[in-house]
There are 2 protein chains.
Amino acid sequence: MRGRGQTGNTKYVKQMNREGILFQLKQKQMSRADLAKETELSRPCVSALVDEMINEGLICEVGIGASKGGRKPMLLEYNTQAFGVVGAVFEGSTIRMALADLKGELLAQYEATLPQPTSGEMAIKGLEIGLEQLLTQTHYDKSRLLGMGVGLPGVTQKRSGTISYSPSTGWMGLPVQQEIEARLGLPVTIDNDVNMMTLGEYYQGAGKEMSTLVNMYVGTGIGAGIIINGQFYRGSHEASGEIGYMMVGPSNNPRPGDYGVFESNYAVPAIYARASQLLPSIQEGVSIVEQLVVHAQQGTEGVQELLDELYRKWAYGIANIISVLDPELLILSGEMLYIKEQGVQTIREWLSNWVPVVPVIRLASLGDQAGIAGAVHSVLESFPNKSATI
Amino acid sequence: MRGRGQTGNTKYVKQMNREGILFQLKQKQMSRADLAKETELSRPCVSALVDEMINEGLICEVGIGASKGGRKPMLLEYNTQAFGVVGAVFEGSTIRMALADLKGELLAQYEATLPQPTSGEMAIKGLEIGLEQLLTQTHYDKSRLLGMGVGLPGVTQKRSGTISYSPSTGWMGLPVQQEIEARLGLPVTIDNDVNMMTLGEYYQGAGKEMSTLVNMYVGTGIGAGIIINGQFYRGSHEASGEIGYMMVGPSNNPRPGDYGVFESNYAVPAIYARASQLLPSIQEGVSIVEQLVVHAQQGTEGVQELLDELYRKWAYGIANIISVLDPELLILSGEMLYIKEQGVQTIREWLSNWVPVVPVIRLASLGDQAGIAGAVHSVLESFPNKSATI
DNA sequence: TTAAGTTAGTTAAAATAACTAACAAAGTAT
DNA sequence: ATACTTTGTTAGTTATTTTAACTAACTTAA
């Protein structure tokens, strides 16, 4: 955000205008004349800035467009091949990585399993190997990479680049960002996995074209990523979206520092415990909600009731979020994906009785690619600008 | 907020720098040299902009300061008398108005009672009379006024200047802003009363020096005003902070379009209903919570239990807000003022068991002046800039 | 074919607003 | 007195945008 009392100069304006032009070209191909109209800059100014960026390789002339009654326009394109970025996510015991162009399109992917328990050293080594693989696969040189975004389960402090808690990577209370940067020789952005998924859905998934959205994720815990007016909102202590701590459901046994009330009742571990008393057997490695839905269809006793309660309490959480934030869009992800459009419709109907304005509600659309897409975009969103996050 | 893909020019820079200088001078007196240091502009640039603003009457030279080892500095001051603004709030059947200088300091006040039931015409007439009074009292000319901020109970759409619902003013579904503007010949800002109070506390009260805060208000309903990074956050449908709709408490009888669950259980009407079964008599016109607190001290049976439940459920609401937003500060206002610092401390202790980060929590500090202060600042915050609200 | 009108993009000059360098004025420290 | 500091101004430079006028290239329609 533009801070209060901030000052600027012509360089700042130029940077802004270059970004304005690139912003347009990121949407679609355009001529200089189109750019002048969209950006409200004069045509000479657009020409000068475009020429500059063509020289830098950021923009390409890609051919002549159709005439609109006069000279044919020269179409310009954002040169998405000019640089590359790497995204990485740690999920359980696996690392998944991808190299993407400036548009966020994945050019190569890589996956590996880390031996458990993992140490920080092994995790970094994993990134190092993956990076090398991706570079040779794509014939990219490391100097052409803008940076790497790393998504981690656990509690991250993006501003300082540290992690307070992340058992599966063996990193705890460490300045991970700086360490990876030093080892890989690349600028690194870290963030927790839910935030990365939110970013992915925002740029490429269910949240494209929206500017204020909340991504609610139910997994081992419950969390949310929040984007307000196109900017990721992290809160004053980087604890925004910690909706697992909402007071939804019975609050008998929450202990300080432990899980929150909402998630201790309605996230995977709690669902698992209750499901195991209803289902004859539970499959490992398959979504517990999915299994419940199947059994409900088969009429297994008590399962429909359990699902109803889950849906209802998740809807309570959603109602609370909406009441506070009034977002344009609410994305449901993680285990909530398995409630399908039908379950979403049920929740929409409840909400219309509870809150005055129900936002658009959608299931996450990127599946297991959301995290990696977000990691990629966490690097892209600060290029060519500086900090894009509040 | 600076939008994505926005462009600028040198005029924009100049405006920014003028604002930067004024921002500094709003904090305290300074010399041109001080301003150059603070704003990181060059001294000639500061001199030029300052001279311009001196000519416009926005800044005054107010005397020579102490030397710091060289030439004595000429101290500059924001000329808070250059223009005036008017704030107005409708509270029940009364209009309260004030004329303030550019610092937000009230120079004159006015109060009147509107005959009930009121019509829109009578409400505007009230504003007209009040305005004239204030102008003659202060010897201000109307041309020196920047505008008027009007706070109303009910549901307002600030962006369009309309009101959907406001029984006490006789305005319903009307483009009130434009109507008042036309009648008074002044730029008008409208907003609901809780938002105005939030603005007041932010600029002059408990929220001074904070940039991300939530003001929770308990009255006939329950609502909240939200400021994120110094900007009022209204939500996608101007329904942010409608926390009366949170799913806190029994949800037996909420009907669509009606009160929300939280407020139907724990706002004044509900408290009143329950208190009337416990207290021997209830005084009209006195805070119901205050009366409960007095009776609890006297040991009236069941009262302490009722208060405990109230505090606890309000704290649930607070926990939900914190979980979602992680604000820097949470302000408690309206009926919550009567729980005193002791009640706040109780809530703080509960919260520390429920959520990972407890923000600063304070009682509102402006009392019944918050609304009018906010109305005044709703005009001031867009001077000399344009729209300061997201 | 040709004239008229439109659209795309460039060039040149003017305007704006920042910056640097140099200096004067007015003080303090020794 | 002399040297040094701080404040503020003046003069001139630099960077960037805008305006206006121009060339180029195309469409439309007589």
Side-chain angles (χ1 to χ4, degrees), chain A residues 2 5-22 24-25 28-56 59-77 384, chain B residues 5-22 24-25 28-56 59-77 384-385:
Chain A
R2 191 186 126 200
Q6 197 175 307
T7 55
N9 53 27
T10 52
K11 270 175 196 147
Y12 174 83
V13 170
K14 186 177 181 182
Q15 181 62 22
M16 225 174 129
N17 292 344
R18 282 173 52 118
E19 282 170 29
I21 286 173
L22 278 183
Q24 297 299 332
L25 287 177
K28 60 169 189 282
Q29 289 186 359
M30 282 188 163
S31 66
R32 291 169 175 81
D34 294 334
L35 285 171
K37 270 174 214 140
E38 291 291 333
T39 59
E40 296 185 297
L41 294 171
S42 65
R43 280 177 299 162
C45 180
V46 167
S47 285
L49 295 177
V50 161
D51 290 354
E52 210 177 276
M53 290 193 278
I54 285 178
N55 283 331
E56 291 168 18
I59 292 180
C60 292
E61 296 188 329
V62 288
I64 290 169
S67 163
K68 295 169 200 158
R71 173 171 165 181
K72 290 179 179 170
M74 172 59 75
L75 291 180
L76 302 167
E77 190 178 74
Chain B
Q6 199 176 307
T7 54
N9 53 29
T10 52
K11 273 176 193 145
Y12 173 84
V13 171
K14 187 177 180 180
Q15 182 62 20
M16 226 175 128
N17 291 344
R18 282 173 54 118
E19 282 170 29
I21 286 173
L22 278 182
Q24 296 298 333
L25 288 178
K28 61 170 191 280
Q29 289 186 359
M30 282 187 163
S31 67
R32 291 168 175 82
D34 294 334
L35 285 171
K37 270 174 217 144
E38 291 292 331
T39 60
E40 298 186 298
L41 295 170
S42 65
R43 281 178 298 164
C45 180
V46 168
S47 285
L49 295 177
V50 161
D51 289 352
E52 213 176 274
M53 291 193 278
I54 285 177
N55 282 333
E56 292 167 17
I59 291 180
C60 292
E61 295 189 329
V62 287
I64 290 169
S67 163
K68 294 169 200 159
R71 175 172 163 180
K72 290 180 180 171
M74 172 61 73
L75 290 181
L76 302 166
E77 188 178 75
N385 358 6

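Convention: sequence-line order gives letters A, B, ...; per-chain numbering from 1. If you're wondering where the values come from, they're calculated on a predicted model, not measured in any experiment.
Residue B/Leu35 contributes atom CG, which lies 14 Å from atom P of C/dA18 at whole-angstrom precision. In this structure, A/Leu76 atom CG and C/dA8 atom C1' are separated by 12 Å, rounded to whole Å. What separates NZ of A/Lys11 from C1' of D/dT17 is a distance of 16 Å, to the nearest Å. As rounded to whole Å, 16 Å separates atom P of D/dT17 from atom CZ of A/Arg43. For the pair A/Lys37 NZ and C/dT7 C1', the interatomic distance rounds to 8 Å; values are reported in whole Å. Atom CG of B/Leu49 and atom P of C/dA18 are 5 Å apart (whole Å). In this structure, A/Lys72 places its NZ atom 12 Å from P of D/dT28, rounding to the nearest Å. Put simply, CD on A/Glu61 is 9 Å from P on C/dG9, counting in whole angstrom units.
Of all nucleotides listed (D/dT9, D/dT17, C/dA8), D/dT9 comes nearest to the side chain of B/Pro44. Checking C/dA8, D/dT16, D/dC26 against every side-chain atom of A/Lys14, the shortest atom distance belongs to D/dT16. Looking at the side chain of B/Ser67, the nearest of the listed nucleotides C/dT28, D/dT17, D/dT7 is C/dT28.
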Salt bridge (charged side-chain N to carboxylate O under 4.0 Å, His left out) evaluation trace for A/Glu56 with A/Arg18: CA-CA 12 Å; A/Glu56 291 168 18; A/Arg18 282 173 52 118; 2.7 Å; yes
Just do the side chain to side chain contact (heavy atoms under 4.5 Å, CB included) check on B/Met16 and A/Thr7 with the steps written out, would you? CA-CA 6 Å; B/Met16 226 175 128; A/Thr7 55; 5.7 Å; no
Should B/Met30 and B/Leu76 be marked as a side chain to side chain contact (heavy atoms under 4.5 Å, CB included) after you check the CA-CA gap, both sets of side-chain angles, and the distance that decides it? CA-CA 5 Å; B/Met30 282 187 163; B/Leu76 302 166; 5.7 Å; no
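Sequence order on DNA chain D of the closest nucleotides to B/Asp51 and A/Lys68 puts B/Asp51 first from the 5' end.
The base of C/dA8 sits within donor-acceptor range of the side chain of A/Arg71, with an N or O pair under 3.5 Å.
Residues B/Arg43 and B/Asp34 are not paired through a salt bridge, judged by the lack of any N-O separation under 4.0 Å between the basic side chain and the carboxylate.
For B/Ser47 and D/dT9, the shortest distance from a side-chain N or O to OP1 or OP2 is below 4.0 Å. A sub-4.0 Å separation between OP1 or OP2 of C/dA18 and a side-chain N or O of B/Ser42 is absent. An OP1 or OP2 oxygen of D/dT16 is reached within less than 4.0 angstrom by no side-chain nitrogen or oxygen of B/Asn9. At the phosphate of D/dT17, neither OP1 nor OP2 sits under 4.0 Å from any side-chain N or O atom of A/Thr10.
Within 4.0 Å (heavy atoms only), B/Arg32 reaches sugar-phosphate atoms of the nucleic acid but no base atom.
Using a 4.5 Å heavy-atom cutoff, the side chains of A/Ile64 and A/Leu75 are not in contact.
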